[in-house]
Number of protein chains: 2
Amino acid sequence: MGYSYKTSINFGLVYIPVNLAVAVRENNISFNMLDKKTMSRVQYKKTCVDCNNKEVEPKNIVKAYQYEEGKYVIFEESDFEKIKTNKDKNITIEHFATLSEIDPIFYDKSYYVVPSGGYKAFSLLKRAMEELNKVGIAKTILGNKEVLIMLRVKNNQMYLNTLHFFDEIALNPYQDNDTEVDKNELELAKAIINNMTSSFKPALYQNEYKERLLQAIETKIRGQELLPAREEQPNQVSSLLDALQESLKQTTKKKLKASDDVIDIESKEVKRTRKRTTTKKTKAKKNDA
Amino acid sequence: MGYSYKTSINFGLVYIPVNLAVAVRENNISFNMLDKKTMSRVQYKKTCVDCNNKEVEPKNIVKAYQYEEGKYVIFEESDFEKIKTNKDKNITIEHFATLSEIDPIFYDKSYYVVPSGGYKAFSLLKRAMEELNKVGIAKTILGNKEVLIMLRVKNNQMYLNTLHFFDEIALNPYQDNDTEVDKNELELAKAIINNMTSSFKPALYQNEYKERLLQAIETKIRGQELLPAREEQPNQVSSLLDALQESLKQTTKKKLKASDDVIDIESKEVKRTRKRTTTKKTKAKKNDA
DNA sequence: ACCAGGAAAGAAATTTCCTGGT
């Protein structure tokens with residue numbers, strides 16, 4: 001497995017060199033662009049806007065910041081290096097906090113922390129963090145981007161989460177501070193929620209649409225027409241109160257039924273295998289042509 | 001503000017039409033590619049691989065899935081619609097759970113939920129969810145991608161988080177189950193962590209590298225050379241135990257000092273203003289040329 | 001050879017392709 005970043009963790013004066021390995025790999029079905037007439041792959045060619053769209057070779061491309069309409073300053077890789085201190089490149093834990101303090105809105109990407117030295121120190125830090133149930137907060141530069149970082153330990157694994165900065169959080173465009181809520185309806189809603197409460201078991205959620213998409217691909221490969229999906233008829237309910245009362249009835253019924261099925265669901269959870277999709281397509285390359 | 005998606009929330013038989021507004025807007029300084037010789041913007045031209053790299057017009061580009069090397073099936077937008085049911089397009093809350101059950105590794109993107117009707121029902125659901133401190137779990141299709149969803153309410157605001165599917169979580173490439181941890185060192189590490197524990201205040205973290213990068217841009221605009229960043233000399237410590245003991249001393253000293261500064265930090269937190277960066281560059285368009 | 005990250009395009013978000021690092 002390749003690593004996304006090489007860096008190091010500084011815990012007080014303890015230094016641990018580490019690599020970061022991506023913890024989430026999107027598994028989507030991806031498409032390519034084709035020329036309709038020739039069914040040939042579309043390729044991006046880098047062209048020069050002011051030179052009759054002549055192709056530009058990679059070695060002649062520079063990175064530049066536009067500070068005014070049409071005005072640029074060039075940045076070489078060495079320029080970025082100049083403004084990074086050694087501390088920037090390391091993950092220096094600034095302080096520790098508790099996981100529940102961190103609002104989910106801040107989470108960005110997840111990585112596994114893999115030590116490339118200082119194994120004893122790494123184990124020690126993991127153990128201490130997990131026993132105290134604390135997460136480490138740090139700041140570092142990954143690539144050419146400064147990110148806020150949360151280090152956490154669970155089941156003896158150290159995870160790194162990049163966090164968004166506070167000024168990246170947008171304001172909610174909708175505010176309703178004064179809406180009246182009916183006491184009776186609130187009690188009904190709460191009863192429904194309680195009926196519908198069960199534990200979060202991520203392995204149980206399947207990507208059904210993806211399965212249907214794969215089936216549609218099979219259908220197309222066989223040269224057949226796609227059929228529209230079957231539709232369930234939505235229940236029509238006239239008022240909010242009626243909808244709540246009917247929902248309460250239905251969820252109560254379901255809840256009673258569900259308690260009989262608990263053992264089945266549990267065993268399904270355990271059976272989960274971490275299989276990789278084998279349908280992953282090989283990407284067409286330039287030299288395919 | 002534009003909305004990313006139009007959809008609806010189904011809570012039992014209660015139907016609430018909603019829009020989703022992105023809650024996180026990345027605020028990075030981004031660069032452009034220029035042709036080194038002419039300082040002209042680089043533009044991607046879509047060309048046909050098998051037709052002497054002739055340019056392909058957007059209207060002649062189709063979306064295709066490669067099922068075998070060089071073999072494709074075409075998908076029109078109507079094909080995607082065919083395999084979506086009405087239920088797919090809505091957010092039907094499957095069940096409720098508690099926030100702490102959801103491991104941070106699952107979080108993907110955050111949106112604000114903005115009702116476009118059913119305001120009374122929306123307020124009711126928000127109120128009930130917040131009072132019970134429950135989050136809603138659902139599945140829906142956003143764009144052409146099925147996502148797992150968590151709805152949550154905080155401070156009378158409803159947030160939607162997309163979650164990764166279980167099969168998108170990669171395995172940790174590093175496993176160390178048997179590393180011995182020294183009792184004495186563990187106690188030291190824990191004492192250091194406790195010394196370094198303070199609450200998570202996201203507004204206090206500034207993107208310093210970005211500030212330095214903006215300064216570097218100013219320097220370049222003035223035509224001056226960039227100076228390398230000042231370096232702090234790292235403390236050299238010989239053994240893990242020495243590093244821990246010295247760290248404990250330093251953090252204890254800092255902690256005693258910090259308790260005097262608490263009031264200052266608190267007031268800084270309150271002063272936080274949600275200003276937007278004004279340095280956001282205008283993107284060069286094709287017609288700039 | 002792979003794949004995560006970056007830039008451009010354009011549905012103004014996300015998707016698509018390219019590239020450098022491993």
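What you see is a predicted model, and the numbers here were worked out from it, not measured in a lab.
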Enquirer: Between atom CD in Glu26(A) and atom P in dT15(C), what is the gap in whole Å?
Expert: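 So the CD-P distance, Glu26(A) to dT15(C), works out to 9 Å.
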
Enquirer: By side chain to side chain contact (heavy atoms under 4.5 Å, CB included), which residues pair with Glu57(A), not counting sequence neighbours?
Expert: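 Lys59(A), Asn60(A).
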
Enquirer: Between Leu34(A) and Val42(B), which residue's closest nucleotide on DNA chain C lies nearer the 5′ terminus?
Expert: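 The residue closer to the strand's 5' end, by nearest nucleotide, is Val42(B).
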
Enquirer: Let me know the distance between CG of Asn19(B) and P of dA13(C), rounded to the nearest Å.
Expert: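 For the pair Asn19(B) CG and dA13(C) P, the rounded distance is 13 Å.
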
Enquirer: Any chance you could encode DNA chain C as dot-bracket? Rule is Watson-Crick or G-U wobble with both distances under 3.5 Å; [ ] for pairs crossing earlier ones, | for another strand.
Expert: (((((((((....)))))))))

Enquirer: Should the ring pair Phe31(A) and Phe80(B) be called parallel, tilted or perpendicular, given that the plane angle runs from 0 to 90° and is split at 30 and 60?
Expert: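 Aromatic pair Phe31(A)/Phe80(B) classed perpendicular.
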
Enquirer: For Glu55(A) and dC17(C), give me the distance from atom CD to atom P, rounded to whole Å.
Expert: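 After rounding, the reported distance stands at 17 Å.
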
Enquirer: Cation-pi check, Lys220(A) to Phe75(B): give yes when NZ or CZ is under 6.0 Å from the six-membered ring centre and within 45° of the ring axis, no otherwise.
Expert: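 Judged by the rule (NZ or CZ under 6.0 Å from the ring centre, within 45° of its axis), Lys220(A) counts as positioned above Phe75(B).
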
Enquirer: Rounded to whole Å, how long is the line connecting atom NZ of Lys109(A) with atom P of dC3(C)?
Expert: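 These atoms are roughly 16 Å apart.
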
Enquirer: Answer yes if the side chains of Asn155(B) and Gln157(B) hold a donor-acceptor pair under 3.5 Å, and no otherwise.
Expert: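 No donor-acceptor contact under 3.5 Å links the two side chains.
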
Enquirer: Looking at residues at least two apart in the chain, or sitting in another chain, which of them share a side chain to side chain contact (heavy atoms under 4.5 Å, CB included) with Ser4(B)?
Expert: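 Side chain to side chain contact (heavy atoms under 4.5 Å, CB included) list for Ser4(B), sorted by chain: Val22(B), Tyr111(B).
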
Enquirer: Would you mind reading off the distance between Lys45(A) atom NZ and dA7(C) atom P, rounded to a whole angstrom?
Expert: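 Going from NZ in Lys45(A) over to P in dA7(C) covers 22 Å.
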
